[in-house]
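Worksheet: one structure, shown below.
As a basis for the values below, the full set of heavy atoms in this structure was taken, side chains included, without hydrogen atoms, waters or symmetry mates.
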Amino acid sequence: MATGSSASKAGAASVSGLVLVVVAFVLLDAASVSHAQLQVGFYVGKCKGTDVEAVIRGVVQARFKQDPSILPALLRMQFHDCFVRGCDASILLDGQSSEKNAGANASVRGYELIDEIKAALEKACAGVVSCADIIVAATRDAVVLGGGTRYDVQTGRRDGLRSSVNDVNLPGPSIPISNAIGFFNAKKISTEDMVLLLGGHTVGITHCLFISGRLWNFNGSGGPDPSMDPALVRSLRVTCPQNGDGDNNPVNLDQNATSANVVDNSFFKQIMAKRGVLQIDQRLADDGQTRSTVAGLAAGKLDFGKRFGGAMVRMGAIEVLTGSQGEVRKSCRAVNKRSVEATLEEIVDGLLAAQ
C-alpha cells in the first residue's frame, strides 16, 4: 500500500496528466477554428469608446512622417513574426535566447514603435489589444502611407507565450524557387501569394554583403551572375567594391530610383528587366513556376495593390491564437507574470485540494 505522501504524488501526477490531456484537446479544437475567429472590427466597442485602429494609425503616421523607412521595417517584422510560430508577436519578446537573437532577425527593427502604440492603447484600455494585432494593423497603415492600396485587417489575435531562437527557420536570399514554394505552401500560403509577398521588396534595402557574390564571383565563376543586367552590375560594383569595404552600404531592392520607396508594381517591372538585386527576386521572374504571375503584375494585368493586401491578410492568419489561447501582454517585450504553466498548476492544486 502506498504511503500518504506517495499517494498524493501519484494523485497529482494523475490529475496533472488528465488536465494536460484535456487542455491539449481544447487547444487542438481551438486551433481548428481560430482563423474563423478573426474578424474585421474586432475591437469596436471594447476599448472604452476609443477607436483602436485610429490610435494605431496616428502613431504610425507620426513615425512615417519622420522616417518613411519604417514601412519596409514593419513589413519585415510581420513576415518574420508570422512565419515563425504564427502571427503571435513572439518576435517582440526579449531574452537571450528569444527570436530577436536569431541571425535572420538581426536587421529587424521597429520594436520601439510597437512599444509606443502598446503604451497608448494600455492607457486607453488596459489588457485589451494584443501585440500581435498591433503588428498587423501598424503594417497595413504603413503600406497605405507608402502609396499602397488600403486593405481591411482582421483582428482578434492573442499573444504567444514562447520565443526561441531555435524556432527561427526563414528562407535566405538565394533559396531556389521550388524550395521557396515548399516553404510558403507549408504555411498554407499559395505560390501566387508568395510572389505577392516577396513583392514587398518594392520598398526597402539590402546591403552589399548579401549581393557582392552576384557581382564579382558568382558561383566561383570569377564573373557576375549572368541573369543580372550588365548595366546594373556596373552600377552596383561602384557601390559594392570587390574588397568588401562597402559590405554595409545600402542598395535599393527596387532599382527604379523614383519608385524605390513606393508600394507599387515597379519592382516586378525591374525583375522582368533582369534588374533584381537579390537572387530570389530575380528567380521569381525567371522560373517557370512564377514567371507568368510576375509578368502579369509587371504589365498591370494583375492589380498588385489589391492582391498584395489580400496576401497580407492571408499571411496574417497563419497559425493565430484566438479566444482563450495565449494571452494579451501588458508589455509586448515580456509575457505576463501569470503564465499558462502557472494556470495549470493552480488547476491541479485545486483538484487535489477537492479530493
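By the rule that hydrophobic residues join a cluster once side-chain heavy atoms approach within less than 4.5 Å of another member, Phe83 and Ile175 end up as members of one cluster. Leu74 and Tyr111 fall within the same hydrophobic cluster, defined by Ile, Leu, Val, Met, Phe, Trp and Tyr side-chain heavy atoms under 4.5 Å apart, directly or through other members. The hydrophobic cluster containing Phe79 does not contain Val144, counting ILVMFWY residues as joined when their side-chain heavy atoms lie under 4.5 angstrom apart, directly or transitively.
Residue Asn265 comes nearest to Gly300 through the heavy atom pair ND2-N, 4.1 Å, listed as atom of the first residue, atom of the second, then distance. Of all heavy-atom pairs between Ile181 and Gln289, the closest is CD1-OE1, 3.5 Å. Closest approach of Gly276 to Ile271, counting heavy atoms only: CA-CG2, 3.7 Å. Nearest heavy-atom pair, Leu297 versus Phe304, reported as atom, atom and distance to 0.1 Å: CD2-CA, 3.8 Å. The two residues Ile70 and Gly110 come nearest to each other via the heavy atoms CD1-CA, 4.0 Å. In terms of heavy atoms, Pro173 sits closest to Leu278 at CB-CD2, 4.0 Å.
Glu99 and Ser164 share no donor-acceptor pair across their side chains, judged by distance under 3.5 Å alone. Side-chain contact of Asp245 with Asn243: a donor-acceptor pair under 3.5 Å is present, judged by distance alone. Counted by atom type alone, Arg283 and Thr290 present zero donor-acceptor pairs between their side chains at under 3.5 Å. Between the side chains of Asp264 and Ser266, not a single donor N or O lies within less than 3.5 Å of an accepting N or O. Using modelled atom types and a 3.5 Å distance limit, the side chains of Thr239 and Asn249 yield no donor-acceptor pair.
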(Q) Apply side-chain contact (heavy atoms from CB on, under 4.5 Å) to residues Leu236 and Gln255 and explain how you reach the verdict. (A) CA-CA 10 Å; Leu236 292 181; Gln255 281 294 298; 4.3 Å; yes
- Task: Evaluate side-chain contact (heavy atoms from CB on, under 4.5 Å) for Ile211 paired with Thr206, printing each intermediate quantity in order.
- Result: CA-CA 8 Å; Ile211 64 171; Thr206 187; 4.1 Å; yes
Worksheet entry | Candidate pair Ser69 and Arg109, rule side-chain hydrogen bond (donor to acceptor under 3.5 Å, both in side chains), full reasoning | CA-CA 10 Å; Ser69 72; Arg109 62 186 183 86; 2.5 Å; yes
side-chain hydrogen bond (donor to acceptor under 3.5 Å, both in side chains) evaluation trace for Gln242 with Ser212: CA-CA 7 Å; Gln242 190 172 14; Ser212 59; over 6 Å; no
Trace of the side-chain contact (heavy atoms from CB on, under 4.5 Å) decision for Ser130 with Arg158: CA-CA 6 Å; Ser130 71; Arg158 304 266 288 178; 5.5 Å; no
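No more than 12 heavy atoms of other residues, nucleotides or ligands lie within 6.0 Å of CZ in Phe210, so this atom counts as exposed by the packing criterion. Counted within 6.0 Å of CD on Gln96, heavy atoms from surrounding residues, nucleotides or ligands total 12 or fewer; the atom is thus considered open. Applying the 6.0 Å contact sphere to NZ of Lys187 captures more than 12 heavy atoms from other residues, nucleotides or ligands.
Note: Phe267 and His201 have perpendicular aromatic rings, judged against thresholds of 30 and 60 degrees for the angle between ring planes.
Contact of the Met77 side chain with the Leu92 side chain is registered, since non-hydrogen atoms from C-beta on lie closer than 4.5 Å. Side-chain contact between Phe183 and Pro171 is present, with at least one heavy-atom pair separated by less than 4.5 Å. Two residues are said to be in side-chain contact when any heavy atoms from C-beta on lie closer than 4.5 Å; Val313 and Val153 fail this criterion. You'll find the side chain of Asn105 reaches within 4.5 Å of the side chain of Leu170, heavy atoms only. With a 4.5 Å cut-off on side-chain heavy atoms, Met228 and Phe218 do not count as touching. Under the 4.5 Å side-chain criterion, counting only non-hydrogen atoms from C-beta, Leu253 is not in contact with Ile205. Put simply, the side chain of Ile280 reaches to within 4.5 Å of the side chain of Ile177, judged on heavy atoms. Using a 4.5 Å heavy-atom threshold, the side chains of Phe64 and Leu71 count as touching.
Checked options Arg234, Gln270, Arg275, Lys274; the residue passing with Asp229 is Arg275 (criterion: side chain to side chain donor-acceptor pair (under 3.5 Å)). Remark: of the listed residues Asp88, Val136, Ile135, Thr322, Val136 is the sole one forming a side-chain contact (heavy atoms from CB on, under 4.5 Å) with Arg157.
Taken to the nearest 0.5 Å, the CG atom of Asn185 stands 9.0 Å off from the CD1 atom of Ile189. Rounding to the nearest 0.5 angstrom, the gap separating the CG atom in Leu196 from the OG1 atom in Thr293 is 7.5 Å. Between atom OG of residue Ser227 and atom CD of residue Gln282 there is a gap of 5.0 Å, rounded to the nearest 0.5 Å. Taken from OG in Ser98 to CZ in Arg333, the straight-line distance is 10.0 Å, to the nearest 0.5 Å. Atoms CD1 and CG, on Ile134 and Leu113 in that order, are 9.5 Å from each other to the nearest 0.5 Å. Considering CD1 of Ile318 and CZ of Arg314, their distance stands at 11.0 Å, rounded to 0.5 Å.
In terms of modelled atom types and a separation under 3.5 Å, the side chain of Asn336 and the main chain of Val328 share a donor-acceptor contact. Between the side chain of Thr202 and the main chain of Val262, a donor-acceptor pair closer than 3.5 Å is present. In this structure, Trp216 contributes its side chain and Cys240 its backbone to a donor-acceptor pair below 3.5 Å. Using modelled atom types, one side-chain atom of Arg214 and one backbone atom of Val277 make a donor-acceptor pair closer than 3.5 Å. With Ser90 contributing its side chain and Ser163 its backbone, the two residues share no donor-acceptor pair below 3.5 Å. Between the Asp159 side chain and the Arg329 main chain, a donor and an acceptor come within less than 3.5 Å of each other. Remark: the backbone N or O of Gly95 is paired with a side-chain donor or acceptor of Asn101 at under 3.5 angstrom.
Salt-bridge annotation for Arg162 and Asp167: present, with a side-chain N of the basic residue lying under 4.0 Å from a carboxylate O of the acidic one. No salt bridge links Lys118 with Glu112; every basic N to acidic carboxylate O contact stays at or beyond 4.0 Å. Ion pair Arg291/Asp287 not flagged as a salt bridge, since none of the NZ, NE, NH1 or NH2 atoms sits closer than 4.0 Å to an Asp/Glu carboxylate oxygen.
Applying the side-chain hydrogen bond (donor to acceptor under 3.5 Å, both in side chains) test to pairs two or more places apart or on separate chains, those with a residue in residues 297-308 are Glu192-Arg307. Listed by first and then second residue, the side-chain hydrogen bond (donor to acceptor under 3.5 Å, both in side chains) pairs involving residues 47-61 are Glu53-Arg140 (not counting sequence neighbours). Sorted by first and then second residue, the disulfide (SG to SG under 2.5 Å) pairs with a member in residues 92-127 read Cys47-Cys125; sequence neighbours excluded.
Taking the six-membered ring wherever Trp is involved, the centroid distance between the rings of Phe308 and Tyr151 does not fall below 6.0 Å.
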